Amino acid sequence: MWIGGVAVDSDERFEIRSPATEELVATVAKGNAGHADDAVAAARASFESGVWREKTPAERAEVLDRVAARIDARNEELAKLQSKENGAPVRIARWVHVGLPAQELRYFAELARTHQWVRPAPALAGMGTGGMVRHEPVGVVAAIVPWNVPLQLAVNKIGPALAAGNSVVIKPDEHAPLMVLELAAELDRAGLPAGVFNVVTGDGEEVGVRLAEHPDVRKIAFTGSTAVGREIMSRASETVKRVTLELGGKGPNIVLDDIAEADLNRVVDGCLFAFLTFSGQGCESGTRLLLPAALHDDFVERMIARIADLRIGLPDSDDTDLGPVFSRAQRDRILGYVESGRAEGATLACGGSSPEGFDKGYWVEPTIFTDVTNDMCIAREEIFGPVVAVIKYDTVDEAVAIANDTIYGLSAGVWSSNTDRAVSVAERIDAGMVWINDFHVLDSRYPFGGMKQSGLGRELGPDALDEYTETKQVTYALGRREETSPYGLLFGGDL
Ligand code: NAD
């Protein structure tokens, strides 16, 4: 762990094993509630001392830029480490798991430089009052992230938190903490003062719960399942912490009936990209595919044919399109949903089991269910695996109604050869992100987050700093009191 600027061990350790080979990758200290308390105390002390929040925004930006440069320089090494730890194909890891966080750190450095931290407020008419609106750091920020894209999800929180001058405690997932520990090392090398960034590696039920409850934590930023998000929000309410939540999804992906023949194969590939990237272990995946009745059979056949071209293999190989799923529990959960889909009467059009040829690790074939209705479990619950539920529709109104009939509202796709028509459908979808003729569009400049039970608040984009700052007015009376004072309201107009 990394607490108060020093490496800290613990009596207990847990093992990190490769999801592809089950080989031991590392052992890591297992922190407890006491370590969480120590980390919060270190963060609070660093915040109160002003070592970081009193630096100029440009000085803070410099540190973030230095870390971004180091992460870029280590891209290949870190992508391989990530791939070992959570099974991400190294091709994806170079871009999403390592490249993107570096880009984001630079973006937040730029925001720190350009943000108007103090804004002059207008003089109030007739009261002779002037002043300013200040954006100040909130204090100690706690971040909790999952295993699927740990560095990027950490940077989504730490980037704006540090740019704004906060001090941070982060708890990575207990099974995938290595990238966040690398980030701690790089922040230290880049000159971040001790105590401003702390990492506690431990269980959600102990360390996570303690952070959500801790009275000195002023804000909690969480990415993970909707069930745990609800718990965190409830715990945080005891001390009225500020909360941002990035939770689950069940992304509808609507193909309209106007796809030109020449575009069809590209749309098929796009819809596979939507649900198969990183074996479907992305919250924003397009896992409910809505196909118009006229296109349905041909489209599904083309998808099955394309899946046969995909290479399932070890994640460290550049030839691999699909790697393993993260854990035995994850695999069993996915295969459990396959059983549930069959039992509810959906048709298994392809996949549905573990592929042959792998003695070790946790693998699931790309899986397509057809004849799905939106009330089935496989259409309502997040599976977090390479499984898509294909739902047939007749009219656009029906497609929009099905798309919105979910507790989630994170992402959606609309595919059409007519952009205006696609935009008019996108406007009717209840989701924080709607992609037209594309999917998984991740860019620092665009706000990321969900509506309904997919979350609260947004990460990235120009407003991200607002989630990590308090807004304070400082006003002062101008001129002579007799002329400007409203005290007469109290003293019967005698002043
Ligand atoms: P999870 O909710 O089980 O765990 C996420 C993190 O929360 C881990 O660090 C875990 O240790 C911690 N945690 C667990 N119980 C806790 C508790 N009671 N109190 C505090 N912390 C606790 O999620 P998971 O299954 O590991 O990850 C997958 C989920 O994350 C999916 O639902 C996925 O959609 C979601 N996700 C969302 C986004 C997004 O940006 N919206 C991104 C990635 C993943």
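No hydrogens, no waters, no symmetry mates; every other heavy atom, side chains included, goes into these values. Worth saying up front: this structure is predicted, and the values here are computed from it rather than measured. Counting starts at 1 for both ligands and their atoms, in listed order.
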Item to check | atom 12 (C) of ligand 1: the protein heavy-atom neighbour that sits closest, reported with distance to 0.1 Å | outcome: Ile144 CG2, 3.7 Å

Checklist entry - For ligand 1, is there an N or O atom under 3.5 Å from any N or O atom of Arg235? => result no

Item to check | side chain to side chain contact (heavy atoms under 4.5 Å, CB included), paired with Trp2, selected from Val8, Asn198, Asp188, Thr201 | outcome: Asp188

Item to check | side-chain hydrogen bond (donor to acceptor under 3.5 Å, both in side chains) assessment of Ser18 paired with Glu23 | outcome: CA-CA 5 Å; Ser18 154; Glu23 279 164 355; 5.7 Å; no

Next on the checklist: Quick one, Asp405 with Arg380, criterion salt bridge (Lys or Arg N to Asp or Glu O under 4.0 Å). Give me CA distance, side-chain angles, the key distance, then yes/no.
Outcome noted: CA-CA 9 Å; Asp405 178 18; Arg380 302 205 80 73; 3.2 Å; yes

Checklist outcome for this item: The atoms of ligand 1 lying under 4.0 Å from a heavy atom of Gly208, numbered in the order shown, are 19 (N), 20 (C), 21 (N)

Checklist entry - Under 4.0 Å from any heavy atom of Val145, which atoms of ligand 1 are there? => result 6 (C), 8 (C), 9 (O)

Checklist entry - Do Arg74 and Glu186 sit within salt-bridge range, that is, some charged N less than 4.0 Å from a carboxylate O? => result yes

Checklist entry - What do the steps show when you test Ser454 against Lys250 for side-chain hydrogen bond (donor to acceptor under 3.5 Å, both in side chains), and what is the final call? => result CA-CA 9 Å; Ser454 286; Lys250 192 73 193 176; over 6 Å; no

Checklist outcome for this item: When distances are taken from atom 19 (N) of ligand 1, the protein heavy atom at minimum range is Gly204 O, 3.6 Å

Checklist outcome for this item: Leu153 heavy atoms within 4.0 Å reach ligand 1 at atoms 42 (C), 43 (C)

Checklist entry - Can you list the ligand 1 atoms lying under 4.0 Å from a non-hydrogen atom of Val209? => result 18 (N), 19 (N), 20 (C)

Item to check | Arg106/Glu110 ion pair, N-O < 4.0 Å | outcome: no

Next on the checklist: Please work out, at 4.0 Å between heavy atoms, whether the side chain, the backbone, both, or neither of Asp173 comes within that distance of ligand 1.
Outcome noted: both

Checklist outcome for this item: closest protein heavy atom to atom 1 (P) of ligand 1 is Ser225 OG, 3.6 Å

Checklist entry - Between Asp371 and Lys392, is there a side-chain N and carboxylate O pair less than 4.0 Å apart? => result no

Item to check | Candidate pair Trp147 and Phe384, rule ring pair (Phe, Tyr, Trp, His ring centres under 6.0 Å), full reasoning | outcome: CA-CA 12 Å; Trp147 48 263; Phe384 226 55; 5.6 Å; yes

Item to check | Smallest separation among heavy atoms of Tyr408 and Gln453, with atom names | outcome: CD2-O, 4.2 Å

Checklist entry - Which residue and non-hydrogen atom of the protein lie closest to atom 41 (N) of ligand 1, and at what distance in Å? => result Leu247 O, 2.7 Å

Item to check | Part of Glu382 within contact of ligand 1 (heavy atoms, under 4.0 Å) | outcome: side chain

Checklist entry - Has ligand 1 got any nitrogen or oxygen that is less than 3.5 angstrom from a nitrogen or oxygen of Glu174? => result yes

Checklist entry - What is the nearest protein non-hydrogen atom to atom 44 (C) of ligand 1, stated with its residue, atom name and distance? => result Asn148 ND2, 3.5 Å

Checklist outcome for this item: Heavy-atom proximity to atom 39 (C) of ligand 1 ranks first, among Ser454, Ser411, Cys283, Gly229, for Cys283

Checklist outcome for this item: For atom 27 (O) of ligand 1, the closest protein heavy atom turns out to be Pro146 CB, 3.6 Å

Next on the checklist: Using every non-hydrogen atom in the two residues, find where Thr370 and Ala349 come nearest and quote the distance to one decimal.
Outcome noted: CG2-CB, 4.1 Å

Item to check | Chi angles and distances behind the side-chain hydrogen bond (donor to acceptor under 3.5 Å, both in side chains) call for His35, Asp38 | outcome: CA-CA 5 Å; His35 294 111; Asp38 292 348; 5.5 Å; no

Item to check | Numbered atoms of ligand 1 (with element) below 4.0 Å of Phe384, judged on heavy atoms | outcome: 28 (C), 31 (C), 33 (C), 34 (O)

Next on the checklist: Could you walk me through whether Trp52 and Asn166 satisfy the side-chain hydrogen bond (donor to acceptor under 3.5 Å, both in side chains) test, starting with their C-alpha distance in whole Å, then the side-chain angles of each, then the deciding distance to 0.1 Å, before giving a yes or no?
Outcome noted: CA-CA 8 Å; Trp52 181 243; Asn166 297 285; over 6 Å; no

Checklist outcome for this item: Check: of Glu231, Glu205, Glu246, min heavy-atom distance to atom 40 (O) of ligand 1 comes from Glu246

Checklist entry - Hey, which atoms in ligand 1 end up nearer than 4.0 Å to a heavy atom of Thr223? => result 5 (C), 36 (N), 37 (C), 38 (C), 39 (C), 40 (O), 42 (C), 43 (C), 44 (C)

Item to check | Top protein contact for atom 7 (O) of ligand 1, by heavy-atom distance | outcome: Phe222 CE1, 3.3 Å

Checklist outcome for this item: shortest atom 26 (O) of ligand 1-to-protein heavy-atom contact is with Trp147 NE1, 3.0 Å

